[in-house]
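One structure below.
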Amino acid sequence: MQRSNIFDYKHYFFFKIAVAVILIAFIAYIAFEPPIGHYGGSWLGYVLGIISALLVFWMTWYGIRKRRYRGSGATQGWLSAHIYLGTALTVLVTLHSGFNFGINIHTLAYGLLLMVVMSGFFGNYTYMIYPRQMTENMGEDNLDGLLLRIADADKLARQIALIMPDDINNTVSRACSETAIGNGLLEQLRGYQPNCPTAIAVAQLTLMGKDLPSEQRKPYRELYSIMVRRLSLVKRVRQDLMYRARLGFWLYIHVPFTIALLVAMMAHIIAVFFYW
Amino acid sequence: MIHCLLIQISNNKRGLPVRSYRTITADEVTIGRYVESTVQLADPRISMHHAVIKRLADGQAHLVSTNGELEVDGVKMQSIALTHGKKVLLGPYVLKVEPAPPDVSLALSLELANPLPDDFQNIKALTQEPLEGASAFKRKLSLWLAGVIALIFLGLPLAQNFIPQLQATMAQLPLGFDRVWSPGHISNAHLHFGSQCSNCHQKLTQKVTDNACMTCHRDISPHIADTDLQKHAFNKSHRLSDGVRCAECHREHKAPHPLARQDNANCVKCHGNIKAIDSKTKLSNIHDFDLDHPGFKLTFSTGKDTKEVERIPQTDTARLVEKSGLKFPHSQHFGKVQGPDGVWDVRELSCTNCHRPEGKEMRFQAVAYARDCQTCHANQLDVGPAKATIHIPHGTEQSVMNALKVQAPKQASQYAAVLKSDGCSYCHEISETKKGDTLPWKIAPLNINQDWFSKAHFNHASHRSQKCESCHQVEHSEISADVAMPDRKSCLRCHSGNNPKPKRIASGCMSCHDFHSSHAAKETK
């Protein structure tokens, strides 16, 4: 039997709460429209704003709490609430704004909140699909195991290449010594490297093998298959790095923008009450 | 012929250098990866045929590149004379010319200076950790974002408020730092100074005061004509604030909504429970025109002064009598009517034949005899036998008598009696005069009501699409005392209260009423 995950935690308890919160907010929004249109300063606006602010603080607290490994309740439950109530929060602040947007601190705070929630959604998505794909990609291996196998392939390839003509030897040698993996953030996220020396080597070897003397044909074929194996290993390592980078990358936005959101929210509240 | 001693230096398992000596005698000494090279170097960085040592024309032994790189002191060379002490980089190897023992002409040492790195360490070094330095990046980005936001959206606007010099400098510019705090669009009327917040928000944490509004609106009068009521009603309904600020009802930053609130909520706040404001009031509670608005009262003038009026509820039908001083059956002036020129003279009359609309709001011109009555009723003012008819002008009693005296001095008093019973009294009420008066009788003074709903405003122009008789039922009115003003029910056929209903227009308080007749207050001043 599969254990409950963050989504169906306690029979969708937080999902139901989030749906209820959204529904109540929508009904209140439709039922109590101020005569001059919805805005954050109406009584409904204040209620929505206060609830949203409390939710933001509580969600930020999750980030601190989960690093403490002790305290109240299962982290799984907290995360479930974090995700569902974070979604409800987006609706609440949108209604709080009354769809009044402009170039000001208030809309900035709103935009930052959307960035935080959207990055959270992306993080959520990565954790839904990548762990399974990672396992499929790595199988029984781990990263060091794959690297060891690449190193073995390198050793063999070099040895065979010693008796090969210079162009083949150089190509193999370059592929072995210059193939970088996960070079830079962009390539890690793409999981693909343009001009990968190993891929080039495989492509070039196909052409170079044509005019070899007969006694070199057998080692050439062996060398070629080693290089193909190396390429597939390198690709698997890249894929693994890509998954791990994507699993962590959304936090690049989620965390700093949360800090920015807290500051912007403070400025938003101060601005409202300083200029009544 | 080369006769040379080659010393190959390599490391043993313990890492100690081991020298192996070999004497070579050949025309040319080939160096390379090739198995049949004189000196075979099994390293992938060495070419198949890397170099060759041979004597050139000058008799000196040279190292000549065949397909490999040779380097001396960082300079790539094609051919190198092997003189004593020369040090040549041959791929990863160092070839050094040693002092030659007497039995050979050349001694060379060859050492692998730059061994291949371990394959695993190599590939590990080439593999980057995913998201290297992520936490440092996140910390840096957090600090930057927080800092920039705090500076632009909090620090600078606050600094402008706390530092008067900065405030003065910023006031010269089109925008202040605190512009970023603006919660919404400013109404057009205030736009030209609205980008400087301090023009209205004069003190931090304090709501905008009336003084800020009064800077421009100096001549504004109290909004309630009755100053006692102004104090009494407003202070009581707003216990939390000291009186009512302009901004309570005139909400800025809400464009395109109008600046002055048009909603009923503000009215209902007091009028929903009016006894709480004034326990002696005779007004009833009102929340909604459709729900609990009382029936209309009609304003009857009781004297010459505009203030001498009586307001009679429409339900009190017995008292709804207009004493206009005229006799006029509307029923006979409506639709197809008999003209003055015999049975074939049939004329079609509509309301606007006599009630002529005037102005943008479609008020009506006063009905005038010459324009509206005379066409048909000219012979009402003819007296005398058919051959000697006298035409009396429509005018004051005095001018009528004068005309009689001039045109028929003998029959003047006789004709005056005729006019009293038929001519003038055809339309006018006639009153007796006291004995000794120069006039035998008088026309009763006209008192035609102008404003039936004095507490509300009504615009005929916006009801243009409706027929007159859908509100004013005069088809069957036989006497001029009838009052044909519509009641609340007839309004409710097309109008609803605060909210629209099927086929009925939403109509709030402001649709018919002014705010405590604030404009009337200004006019009387």
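All values below were derived from every heavy atom in this structure, side-chain atoms included, with hydrogens, water molecules and symmetry-related copies excluded. Each chain gets a letter, A, B and so on, in the order its sequence line appears, and its residues count up from 1.
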> What distance separates A:Y252 OH from B:S142 OG, expressed to the nearest 0.5 Å?
Replying inline: 12.0 Å

>> Quick check on the interface: out of A:A180, A:A245, A:G184, A:S173, who has the most heavy-atom pairs with chain B under 4.5 Å?
In response: A:A245

>> If you count heavy atoms of other groups shown closer than 6.0 angstrom to NE2 of B:H287, is the number above 12?
In response: yes

>> Run A:I181 and B:I123 through side chain to side chain contact (heavy atoms under 4.5 Å, CB included) and show every step you take.
In response: CA-CA 8 Å; A:I181 298 174; B:I123 189 78; 4.2 Å; yes

> Taking C-beta and beyond as the side chain, do A:V263 and B:L154 meet within less than 4.5 Å on heavy atoms?
Replying inline: no

> Which residue out of A:N170, A:L185, A:I163 racks up the most heavy-atom pairs below 4.5 Å with chain B?
Replying inline: A:I163

> Rounded to the nearest 0.5 Å, what separation is found between the CD1 atom of A:I105 and the CG atom of B:D178?
Replying inline: 13.0 Å

>> When you compare the side chain of A:L108 with that of B:V180, does any pair of heavy atoms fall below 4.5 Å?
In response: no

>> Walk me through whether B:N122 and A:D154 qualify under side-chain hydrogen bond (donor to acceptor under 3.5 Å, both in side chains).
In response: CA-CA 10 Å; B:N122 180 43; A:D154 284 353; 5.0 Å; no

> Heavy atoms, side chains only, cut-off 4.5 Å: are B:M48 and A:N169 in contact?
Replying inline: no

> Can you say whether the rings of B:W181 and A:Y275 are parallel (under 30°), tilted (30 to 60°) or perpendicular (over 60°)?
Replying inline: perpendicular

> Counting heavy atoms not belonging to B:E36, are there more than 12 under 6.0 Å from its CD?
Replying inline: no

>> Is B:P44 close to chain A through its backbone or its side chain, or both, or neither, when contacts mean heavy atoms under 4.5 Å?
In response: both

> So what's closer than 4.5 Å to chain A heavy atoms on B:K207: side chain, backbone, both or neither?
Replying inline: both

> Donor-acceptor pair, B:R33 side chain versus A:A161 backbone, under 3.5 Å?
Replying inline: yes

> What part of B:F153 gets closer than 4.5 Å to chain A, counting heavy atoms only: side chain, backbone, both or neither?
Replying inline: both

>> Quick check for you: among A:Y243, A:F101, A:F274, which has the greatest number of heavy-atom pairs under 4.5 Å with chain B?
In response: A:F274

> Given that the side chain runs from C-beta out, which part of B:K203 has a heavy atom under 4.5 Å from chain A: side chain, backbone, both or neither?
Replying inline: backbone

>> At a heavy-atom distance under 4.5 Å, which candidate from A:I259, A:L262, A:L148, A:I103 has the highest pair count against chain B?
In response: A:L148

>> Minimum heavy-atom separation for B:P130 and A:L241, please, with both atom names.
In response: CD-CD2, 3.5 Å

>> Counting neighbours of CZ on B:F120 that are heavy atoms of other residues, nucleotides or ligands and sit closer than 6.0 Å, is the number greater than 12?
In response: yes

>> Tell me whether B:K501 at atom NZ has more than 12 heavy atoms from other residues, nucleotides or ligands lying less than 6.0 Å away.
In response: yes

> When rounded to the nearest 0.5 angstrom, what distance separates CG in B:L131 from CZ in A:R246?
Replying inline: 11.5 Å

> For the atom pair CD (B:E129) and CG (A:L143), what is the distance rounded to the nearest 0.5 Å?
Replying inline: 7.5 Å

> Measuring heavy-atom distances to chain B, does A:Q159 have an atom under 4.5 Å in its side chain, in its backbone, in both, or in neither?
Replying inline: neither

>> How about CD on B:E69, more than 12 heavy atoms from neighbouring residues, nucleotides or ligands closer than 6.0 Å, or not?
In response: no

> Given a strict heavy-atom distance threshold of 4.5 Å, which part of A:L112 is in contact with chain B: side chain, backbone, both, or neither?
Replying inline: side chain

> Checking heavy atoms, do the side chain of B:L116, its backbone, both or neither come under 4.5 Å from chain A?
Replying inline: side chain

> By a 4.5 Å heavy-atom criterion (distance strictly below it), what part of B:E132 contacts chain A: side chain, backbone, both, or neither?
Replying inline: backbone

>> Could you measure the distance from the CZ atom of B:R45 to the CG atom of A:L162? Nearest 0.5 Å is fine.
In response: 10.5 Å

>> Can you tell me which portion of A:R174 sits under 4.5 Å from chain B's heavy atoms? Options are side chain, backbone, both or neither.
In response: neither

>> Taking side chain as everything from C-beta outward and backbone as N, CA, C, O, which of these in B:L143 sits under 4.5 Å from a heavy atom of chain A? Side chain, backbone, both or neither.
In response: neither

>> Using a 4.5 angstrom heavy-atom cutoff, name the option from A:A267, A:A264, A:A260, A:P256 with the most pairs to chain B.
In response: A:P256

> chain B heavy atoms under 4.5 Å from A:D144: which part of the residue, side chain, backbone, both or neither?
Replying inline: both

>> Among B:S182, B:G508, B:A150, which residue has the highest count of heavy-atom pairs closer than 4.5 Å to chain A?
In response: B:S182

> Which bit of B:D43 is near chain A, if near means a heavy-atom gap under 4.5 Å: side chain, backbone, both or neither?
Replying inline: backbone

>> At a 4.5 Å cut-off on heavy atoms, which part of A:T179 comes close to chain B: side chain, backbone, both, or neither?
In response: backbone

>> As an exercise: rank A:F249, A:Y39, A:F257, A:F273 by heavy-atom pairs under 4.5 Å with chain B and give me the winner.
In response: A:Y39

